[in-house]
Q: 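Questions regarding the structure given below will be posed in turn.
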Amino acid sequence: MIKTIEWTEAGVVMIDQRSLPSDELYHVCRTHEEVAEAIRTMVIRGAPAIGVAAAMGIALGVQNLATAPPADMDLAFDLICRTLATTRPTAVNLFWAIDRMKRVFQRQRSKSIHEVAQLLRAEALAICQEDIAANRQMGAHGQILIPDGAHVLTHCNAGALATAGYGTALGVLRAAVSAGKRLLVYVDETRPFLQGARLTAWELMKDNIPVRLITDNMAGHFMKKGEIDHVIVGADRIAANGDVANKIGTYMVAVLAQAHRLPFYVAAPISTVDLSISNGDQIPIEERQPAEVTDFRGVRVAPYNVAVANPAFDVTPAAYIHAIITEQGIAWPPFEKSLPVLAGAAGGQLTKGGRHN
Ligand code: MRU
């Protein structure tokens with residue numbers, strides 16, 4: 001399995017997703033500031049993966065404090081958490097993971113700094129392991145929805161690279177293949193950052209899962225011809241009513257799927273569900289650098305001084321979504337009823353309120 005992120009003696013090691021698929025490089029972060037920078041610059045990306053990275057970043061930050069303990073430990077911890085919380089605004093897993101680390105710190109802060117650092121590291125490793133287990137559970141639940149011979153479209157990368165391992169949407173497809181089903185996966189290239197072309201195609205090819213790479217504007221054509229029959233995507237934040245924020249372009253795919261009467265599934269862990277917000281209008285949407293749109297791998301392709309919009313995510317209304325696959329089972333509409341039940345089954349994992357950037 002691809003190792004997206006790992007805690008090592010040298011620091012937090014991540015596969016550098018900016019250079020894939022041409023180069024398989026590993027990026028070592030020795031401070032929490034370096035982890036924050038790695039999240040901001042997309043060395044690591046994908047909602048669950050950035051949650052794991054933030055948790056490891058906090059553990060690293062406190063470990064580094066142990067060599068010269070600060071006079072005000074609470075303040076120092078708070079600063080570390082803030083540095084990680086201000087990296088990317090949309091994926092709620094980031095804030096969920098930071099909240100989990102804060103709870104450990106608050107419970108253990110009377111202990112020595114060395115012990116606190118060890119406990120925080122253990123929590124970060126637990127978040128990482130639990131994410132892989134959740135993805136496998138999601139796969140087991142979700143593969144039932146994917147029939148043998150399905151031609152499934154996915155958008156962006158919701159695979160091993162976007163998580164601690166195995167993936168959410170791609171985890172469901174991996175589980176379907178493991179169950180003996182023959183699939184063809186249509187992969188949207190996912191402009192402007194090309195997570196589909198660079199990462200999803202690479203991941204699936206490594207697993208020998210048949211792939212057909214298309215540009216984003218081809219999806220409708222292949223649906224109309226009957227060559228795509230299912231859609232599955234991941235999520236960055238799911239509101240209490242089932243509205244889903246995911247990579248820009250997801251909404252367009254959902255509208256197309258509805259026009260062609262195709263099932264549109266979302267796969268995400270319960271840590272992506274934000275019951276503190278009632279609908280998707282309240283989800284903060286990250287705006288990224290214009291250069292991602294005007295340039296292609298450093299080469300300018302648009303006129304200088306052109307006005308640019310670059311929202312990294314969009315919100316798909318719940319009405320377009322047939323089911324949300326989680327590690328606790330499948331949520332069916334109405335999601336405002338089914339999601340709280342599954343979130344409740346996940347136990348104390350959800351914090352209500354205060355999870356916005
Ligand atoms: O900007 P990115 O690459 O972090 O966006 C990632 C996505 O939108 C994924 O689809 C989402 O995080 C789900 S990952 C399991």
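Positions are given from 1, in the same order as the sequence printed here. Computation of the quantities below employed the complete heavy-atom set of this structure, encompassing side-chain atoms and omitting hydrogens, waters and symmetry-equivalent molecules. Just follow the structure's listing: the first ligand is 1, and inside any ligand the first atom is 1.
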Q: In terms of hydrophobic clustering (I, L, V, M, F, W, Y; side-chain heavy atoms under 4.5 Å; direct or indirect links), are F95 and I5 co-clustered?
A: yes
Q: Looking at CD1 of I325 and CD of Q143, how far apart are the two atoms once the value is rounded to the nearest 0.5 Å?
A: 10.0 Å
Q: Considering only residues two or more places apart or on different chains, which pairs with a residue in residues 238-257 satisfy salt bridge (Lys or Arg N to Asp or Glu O under 4.0 Å)?
A: none
Q: Please tabulate, one line per pair, the protein N or O atoms found under 3.5 Å from any N or O atom of ligand 1, giving the distance to one decimal.
A:
from	atom 1	to	atom 2	distance (Å)
ligand 1	1 (O)	R88	NH1	3.4
ligand 1	1 (O)	R88	NH2	2.8
ligand 1	1 (O)	K247	NZ	2.7
ligand 1	3 (O)	R45	NE	2.8
ligand 1	3 (O)	R45	NH2	3.3
ligand 1	3 (O)	Q195	NE2	2.8
ligand 1	4 (O)	G46	N	2.9
ligand 1	4 (O)	R88	NH1	2.8
ligand 1	8 (O)	D236	OD1	2.8
ligand 1	8 (O)	N246	OD1	3.2
ligand 1	8 (O)	K247	N	3.2
ligand 1	10 (O)	N246	OD1	2.6
ligand 1	12 (O)	A47	N	2.8
ligand 1	12 (O)	D236	OD1	3.2
ligand 1	12 (O)	D236	OD2	2.9

Q: Give every residue pair that meets the salt bridge (Lys or Arg N to Asp or Glu O under 4.0 Å) criterion with at least one member in residues 69-86, sequence neighbours excluded.
A: D74-R109, D78-R82
Q: Hey, what else clusters with V255 if you join Ile, Leu, Val, Met, Phe, Trp, Tyr whenever side-chain heavy atoms sit under 4.5 Å?
A: Y251, Y320
Q: In a check of side chain to side chain contact (heavy atoms under 4.5 Å, CB included) between V187 and each of L199, V152, L204, which one passes?
A: L204
